[in-house]
Asks: 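I have a structure here, written as structure tokens, and I will follow up with some questions on it.
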Amino acid sequence: MNSQEEIYRFWEEKEYFKADPSNSKKPYSILMPPPNLTGELHLGHAMQHSILDALARFKRMQGYDVLLLPGVDHAGIQFEGTFNKLLAKEGLSKYKLGREEWLKRAWEFRDEVYKSFHNVWTVMGISADWDREVFALDEKIQKAVLEEFKIFWEQDLLYKGAYIVQWCPKCGTAIEDVEMEYQERKEKLYFVKYNLVDSDEYITIATARPETIFADVAIAIYPNHPKYSKFTGKKVVNPFTKKEIPVIEDKKVKTDFGTGALKITPGHDLLDYEIGRDNGLEIMHAVGKDGKMTDLAGDLSGLKAQEARVKSEEKLKELSALEKIEDYSHSVPVCERCKTTVEPLISEEWYVKMKPLAEKALKNISKVNFIPSNYLDIISKWLNEIHDWSISRTLWWGHRIPVWYCETCNPSHEVGKDKDMLISFEKPKEKCKNCQGSNWVQDEQVLDTWFSSGMWPFATLGWPGKTKELERYSPWNFEISAPEIRYLWIARMIMLSLWFTDKIPFENMFFHGMLRDLQGRKFSKSLGNGIDPNELRNEWGTDSLRMSLYTYSAPGRDGKTSKQVMGERCKNFRNFGTKLKNIYRFIVELKPEGAKSNLEISHEDDQEINKKLNETIKEVTKNLENFNFHLATENVYNFVWHEFADSYIEKTKKRRADAQPVLEHILTETLKLLHPFMPFTTEEIYQKMPQHKESIMIETWPH
RNA sequence: GGAUCCGUAGCUCAGUUGGUUAGAGCGUUGCAUUGACAUUGCAGAGGUCAGUGGUUCGAGUCCACUCGGAUCCACCA
């Protein structure tokens, strides 16, 4: 049994990875953060999974019934983005294919990605319970999502409200924040005069988007504005449409930007939308979803927004409505794919009221042990300032919103307990109460990815069922995450777990640092600075890569690295592996004739090395208990190389035959200590030791 | 704009509740070695712990500010 594949297959055949809820051991549960289904696992995943695996192996050896639960997240937006890019290469698009065909191909792509994930996990030696693996779109999770949605609805926590959608006119779709880039641009700030009806007086407002004047429905000023309050209640003339629009007061207007007066365009700005809503104003769109001016724009209709801006400037000049133009540099959101400036549009989205959930979370959050501990404050602070959660996404990949509208009675898809709509996973069998028909149409949108992954700690264990697993393994003993999703994911798991199960999701929440490039930048596809873990692993071996990653795993600490730096570190640990094999060779293969066989620690040197071994065992154990993987690996590394090899083994060369049992003993104990970190090398050597059990995996942790 | 984190040897990183001469790996310098060693061993050089001020008998560690780097959230007409 030499090759990694053989060893891994052996472990799997022996079913060492499987949790056993029915056995009498104490449980220890570890939840793998489901990686995004986006094509490949990067170095950060390799680090996470190496940490989880080390902990799982350690706890198994300590005698626990370990559940390391694997899973994959469907990652709505990211997956759809990645997949659509692939389709684009074939000259296809989601719209060309249609929802059904697109979904069929998406699932095929999912299967491909799955294969590559499993290949990586196998070669990395990850000892997860694969039979329990969960995918975020599995039926199990669908059931939980439906239940979650239903409960929220019954508790009056769901509503539909306005949301500003960033619309890419070129791609013809709403895009998410993560799909946007910000470009610092020098633009112009136009100061436009709005004349009062039947008067020479006017109000000046500042705008960066004069083309939207066509959709202006009011001018708003801060209450009791020194200059403009005398105009409150009067009307001004929209310079383009000549419509008379009211001057209103609203506290949301800022006094320290522009002129202190604001044109209200509810169709194109969230703040304007809110002010408009509060004042019962109409919503109009001057720019349509194609990025072109609507009919509202008169002679400018049909032009692109950017062209219309130039024309608008001319028009304003002609009308003598332009007071001045200032240079204005601000960051403009553009579409990551096509670099088109995105158009903000207002649309109706589903929301969850978060206040009650946050309050319950805050009462219980101190039961979670955050590593590092300052994350308790960081997350608590965020929970204190919680805002409602927009959960609908204009995508096809995800859990479809389980709401059905009666197309006959409720064609505009209004939402409310008194409206003609139902919550159901499948098309409702019941009739519409109003028309007695069954003309049900499902909500087009899907749910935010975090709506399902926020339930990961309990949905994966069978909730809303009352399962044995839920009882035994939750709260999870250990969860790990990158710090960047502490609010998006971690905070939500805490809120949702407490809300639906009355339990904290996990007892220990470990935040690792972010791996970055040498300049401190995040790894990203667009920068092309990523490091392929497969390359490193192929060159230096799994165990070397794992060891390198543990050195970067200090809680909450970022690590700068590069392919070269990682390579050097891997090389170092490759040499360490070689050292270990040579120690074995010296002790076992080059065993002298007449070597003693009874273990007796009596010689001064023997006692010394045994003492150091015991110290090392204590340190490694303590550091693993405290999740200091970087220190634990350092402890054992120093012991093996410097205490055991350089010092003790050198000394025994004079009394080789006598020392034989001690040498074998120390080596065996050392292999056990190293096994969580270097599973393959240790198993390979262990199997060749004169005395050994079936596998090092089922050995008892030294104590 | 709000919040948070980081800045320790040439490079990448450790440094537990403040307590002697600040550690590791790689690199570097010298010596040794065919040794169990896809080399390895022994010895050495290298740091005003970003800066300034404060608390303290004592600060890399605690506090304030400044400079530099990063992340998340919110984005202003």
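Heavy atoms only: backbone and side chains are in, while hydrogens, waters and symmetry mates are out. Model, not experiment: these values are computed from the prediction.
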Asks: Which part of the nucleic acid does A:Thr578 contact within heavy-atom distance under 4.0 Å: base, sugar-phosphate only, or nothing?
Replies: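 Base contact.
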Asks: At less than 4.0 Å, is any side-chain N or O atom of A:His630 found next to OP1 or OP2 of B:rG15? Yes or no.
Replies: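 For A:His630, the contact criterion (side-chain N or O under 4.0 Å from OP1 or OP2 of B:rG15) is met.
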Asks: Please give the distance between the P atoms of B:rG23 and B:rC31 as a whole number of Å.
Replies: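 The same atom, P, in both gives a distance of 27 Å.
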Asks: Please classify the nucleic acid contact of A:Lys381 as base, sugar-phosphate, or nothing, using heavy-atom distances under 4.0 Å.
Replies: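 Here A:Lys381 touches the backbone only, sparing every base.
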Asks: Look at all strands and tell whether A:Asp377 reaches a base, only sugar-phosphate, or nothing, counting heavy atoms closer than 4.0 Å.
Replies: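 No contact at all - A:Asp377 keeps every heavy atom at 4.0 Å or more from the nucleic acid.
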Asks: Going by modelled atom types, is there a donor-acceptor pair between the base of B:rA36 and the side chain of A:Glu650 at under 3.5 Å?
Replies: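 Such a pair exists between side chain and base.
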Asks: Indicate, with a heavy-atom threshold strictly under 4.0 Å, whether A:Leu518 touches base, sugar-phosphate, or nothing.
Replies: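 If one applies the 4.0 Å heavy-atom cut-off, A:Leu518 turns out to touch the sugar-phosphate alone, with no base involved.
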Asks: Which part of the nucleic acid does A:Ile583 contact within heavy-atom distance under 4.0 Å: base, sugar-phosphate only, or nothing?
Replies: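 Base contact.
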Asks: Distance check: side-chain N/O of A:His642 vs OP1/OP2 of B:rG25, anything under 4.0 Å?
Replies: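 Checking B:rG25 against A:His642, a side-chain N or O does come within under 4.0 Å of OP1 or OP2.
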Asks: Within the 3.5 Å criterion, strictly below it, is a donor on A:Asn635 or A:Thr616 matched to an acceptor on the partner's side chain?
Replies: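 Distance-only check fails for A:Asn635 and A:Thr616.
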Asks: So, OP1 or OP2 of B:rA24: does either fall under 4.0 Å of a side-chain N or O from A:Asn638?
Replies: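 Looking at the OP1 and OP2 atoms of B:rA24, neither is under 4.0 Å from any side-chain N or O of A:Asn638.
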Asks: Check every strand shown and say whether A:Ile378 touches a base, only sugar-phosphate, or nothing at a heavy-atom separation below 4.0 Å.
Replies: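 Sugar-phosphate only.
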Asks: Identify whether any heavy atom of A:Ile587 sits under 4.0 Å from a base atom; if not, whether one sits that close to sugar-phosphate; answer base, sugar-phosphate or nothing.
Replies: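 No contact at all - A:Ile587 keeps every heavy atom at 4.0 Å or more from the nucleic acid.
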Asks: Does B:rA24 have its OP1 or OP2 closer than 4.0 Å to a side-chain nitrogen or oxygen of A:Asn635?
Replies: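 No.
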Asks: I'd like the P distance from B:rU16 over to B:rG68, given in whole Å.
Replies: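 Per the computed distance, 28 Å lies between those P atoms.
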Asks: Would you indicate what A:Lys653 reaches in the nucleic acid, counting non-hydrogen atoms under 4.0 angstrom: base, sugar-phosphate, or nothing?
Replies: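 Touches a base.
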Asks: Using ring centroids (six-membered ring only for Trp), state whether A:Tyr637 and A:Phe573 fall under 6.0 Å.
Replies: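 Yes, the ring of A:Phe573 comes within the 6.0 Å limit of the ring of A:Tyr637, centre to centre.
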Asks: Under 4.0 Å, heavy atoms only, any strand: does A:Arg209 hit a base, just the sugar-phosphate, or nothing?
Replies: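 Answer is nothing: A:Arg209 stays at 4.0 Å or more from every strand.
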Asks: Can you find a side-chain donor-acceptor pair between A:Thr232 and A:Glu249 that sits under 3.5 Å?
Replies: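 There is such a pair between these side chains.
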Asks: What does A:Gly513 touch in the nucleic acid at a heavy-atom separation under 4.0 angstrom: a base, only the sugar-phosphate, or nothing?
Replies: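 Nothing, no nucleic acid heavy atom in range.
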Asks: Tell me, please, whether A:Phe644 has A:Lys612 positioned over its six-membered ring: NZ or CZ under 6.0 Å from the ring centre and within 45 degrees of its axis?
Replies: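 Because its charged atom misses either the 6.0 Å distance or the 45° angle limit, A:Lys612 does not stack over A:Phe644.
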Asks: Looking at B:rC72, B:rA36, B:rU12, which one has an atom nearest to any side-chain atom of A:Tyr552?
Replies: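 In terms of side-chain proximity for A:Tyr552, the closest of B:rC72, B:rA36, B:rU12 is B:rU12.
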Asks: Could you check whether any side-chain heavy atom of A:Asp272 comes within less than 4.5 Å of a side-chain heavy atom of A:Asp216, counting everything from C-beta outward?
Replies: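 No, side chains not in contact.
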Asks: Nearest to the A:Tyr637 side chain among B:rC72, B:rG25, B:rA36, which nucleotide is it?
Replies: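 The nucleotide sitting nearest to the side chain is B:rG25.
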Asks: Are A:Asn572 and B:rG25 close enough that a side-chain N or O sits under 4.0 Å from OP1 or OP2?
Replies: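 Checking B:rG25 against A:Asn572, no side-chain N or O comes under 4.0 Å of OP1 or OP2.
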Asks: For B:rG7, does OP1 or OP2 lie under 4.0 Å from any side-chain N or O of A:Arg557?
Replies: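 Indeed, a polar side-chain atom of A:Arg557 lies that close.
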Asks: Nearest 0.5 Å, what's the CD-CZ distance between A:Glu479 and A:Phe510?
Replies: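 Going from the CD atom of A:Glu479 to the CZ atom of A:Phe510 covers 11.5 Å.
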Asks: Expressed as a whole number of Å, how far does the C1' atom of B:rU52 sit from that of B:rU28?
Replies: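 Pairwise C1' distance, B:rU52 against B:rU28, rounds to 34 Å.
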Asks: Could you tell me whether the phosphate oxygens of B:rU4, OP1 or OP2, come under 4.0 Å of any side-chain nitrogen or oxygen in A:Asn374?
Replies: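 A:Asn374 to B:rU4 OP1/OP2: no side-chain N or O under 4.0 Å.
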Asks: With a non-hydrogen cut-off below 4.0 angstrom, is A:Asn628 in contact with a base, only sugar-phosphate, or nothing?
Replies: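 Counting heavy atoms under 4.0 Å across all strands, no contact is made by A:Asn628.
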Asks: Compare the minimum distances between each of B:rU71, B:rA36, B:rC76 and the side chain of A:Asn582, then state the nucleotide with the smallest one.
Replies: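 Shortest atom-to-atom distance from the side chain points to B:rA36.
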Asks: At under 4.0 Å between heavy atoms, what does A:Asp272 touch on the DNA or RNA strands: base, sugar-phosphate, or nothing?
Replies: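 Touches nothing.
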Asks: If you only use heavy atoms from C-beta on, which nucleotide in B:rC72, B:rA36, B:rC42 is closest to the side chain of A:Leu590?
Replies: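 Looking only at side-chain atoms, A:Leu590 lies closest to B:rA36.
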